[in-house]
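Position 1 is the first residue of the sequence, and the numbers go up from there. Remember, it's 1-based here, ligands and their atoms both numbered in the order they're listed.
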Amino acid sequence: MQPNSVKPFSYEIFPSAGHVAYFSMEIAIHPGMPTYSGGLGILAGDTLRSAADLGVPLAAFTLLHRKGYFQQHLDSSGTQTEEVQPWNPADFCSEESARVTVLVEDRVVTVRAWRYDLAGRFGHVVPIYLLDTDLDGNSGWDRGLTDHLYGGDENYRLQQEIVLGMGGVRMANAMGLQVNVYHMNEGHAALLTLALLEAQLGGGPLGAATEADIEQVRRKCVFTTHTPVPAGHDRFSTEQAIRILGGDRTARLQQQGCFRDGLLNMTLLALRFSRYANGVAMQHGKVSRQMFPEFTIGTITNGVHAPTWMSEPMQQLLDENIPAWRRDNLYLRNAIDLPEDKFLAAHARAKEELLAEVGSRTGLVLDPKVLTLGFARRVATYKRAGLMFTDPERLKQIAAAAGGLQILYAGKAHPQDGPGKALIHRVVEEAARSSSELLRIVYLENYAWDLGAMLTAGVDVWVNTPKRPYEASGTSGMKAAMNGVPSLSILDGWWIEGCIEGVTGWAIEDGASDEDEARSLYSKLENAVVPLYRDSPEKWARMMRTTLAFNASYFNTNRMVKQYARNAYYPESLVEKKVKVEEEAFVTQ
Ligand SMILES: *Cc1c(COP(=O)(O)O)cnc(C)c1O
């Protein structure tokens, strides 16, 4: 097959003109660009990669984050320090000539955009515009507004959100981009609705907006909420809103019910001005409806971009047997028919590569035959990175029964997250205390895209221990599934949908306390995971195969983007309109 010679088929889902404009505070665009912090940015990147593969007419907006999300250093006791990661936009992007302005406090701030062309496998390009305020003419403070991802205080954040939401809408206009749908990926971009309302009023006072004006904005907007953790929803005081956004706008937002408990709530703002909203897994949809009962909130379960997260050897195996998987990830379901031992062989190569990387980073020589668990994610306390150390003696016994156990950890704590940093410290200390010939525990520095891909492909079991119901979806377990790696996880987020006990992994049972859940984790390891790995390689191989066939075929962004297109962006597709017209014609005949 010659990938570049084939034009994408026109689905007729999309109108013949116009784009979806996708807004996200963070996007993992390229491993060399430190423009993301964690799961939200990776998801945004995977969404765009699949949109490009599928030929979806879409353009994305984010901030440049010139100083990058930080590089993590850990000393031997597990104390995290951070270093900025400046990067050169011109190495990856080209500068657009358009300039727009936004009003921040009472200053006029000029904004430019850098374009990154994300090309899909058939050559369709999704342009990503990275907004930048580092321009002559802006004050020193304003030039830094697009420097730091999740840096600074709430004032800085609200100012950034003006640049992203309002600056992004104006930039799209200035570049002549025709936009049919604005997709707010999380509430950070919610101020785009205000820019649309102001444009609708043609510069008239906001107070004059009618219900019909607001309906015009709503028709164009869709919103995805990403977290059930209250602190994850951006909120600003009335004083901040008046000072930074202005009195008129604040009054209008108050009148529209965008305040809760006296605070401007960006999730509420996005919900008020969207015609469609969704959570990112079945349970998260439910939790979101409880948090915001006055709104209709649907669900589109997250996914990952299959070729980005599947190891080379696994891709080869599939290319040789089911080449159609690249065009349509649903064909991954047919992996159920491949010989089991091929999965073991592909995985063994990914594991070797991972252990070589661990060796080169730490000098430790790990054993490729030994059962290896992985736990890597942003260190937020609800994810309970320390749960495995609830009873270190029991962990040692499990390692002895298994004939050896290796556990690999990685993850960054936000620089201002004291409890998160303390947790890393604790895991590193416990790791040093518990380690022996039979039990090797390693905390790897600077978790990022490249390390994440190696870990999810190379470990034997992916572990996740969030406190319910705070994991909206979680995506690293989906990356593991792309590699046939089963999960051992709390039934939260995506895992409620993905777990078939003993077939795609194992559930850690709900308990009344952390200790209860740790006991369930140990007994699943002891009674299910260890015996299967130690005694039955053929059954283990079969489990890898069902994990990939069942979960990789569903938890991918190829499926997810199609669901966004059909349910959020263009719910009434041209095909349906045509069918409807034909049906009506038939009825009236
Ligand atoms: C996938 C990924 C995440 C998100 O993982 P979760 O399981 O959703 O917590 C965070 N950081 C990196 C670098 C990743 O690759």
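Proximity of a side-chain donor or acceptor of Tyr156 to a complementary backbone N or O of His148 within less than 3.5 Å is detected.
The aromatic rings of Trp540 and Tyr533 stand perpendicular to each other, their planes meeting at an angle above 60°, with 30° marking the opposite boundary.
Residues Ser50 and Met560 have side chains not in contact (no heavy-atom distance under 4.5 Å, counting atoms from C-beta outward).
Sorted by chain and number, the heavy-atom contacts of ligand 1 below 4.0 Å come from Gly38, Gly39, Ile42, Trp309, Arg377, Lys383, Tyr447, Ala448, Trp449, Gly474, Thr475, Ser476, Lys479.
The cationic atom of Arg559 (NZ for Lys, CZ for Arg) lies less than 6.0 Å from the six-membered ring centre of Tyr554 and within 45° of the ring axis.
Taking 4.0 Å as the cut-off between side-chain N and carboxylate O, Glu509 and Lys524 count as a salt-bridged pair.
Each of Trp309, Trp494, Trp495 was compared with Phe555 under the ring pair (Phe, Tyr, Trp, His ring centres under 6.0 Å) criterion, and only Trp494 meets it.
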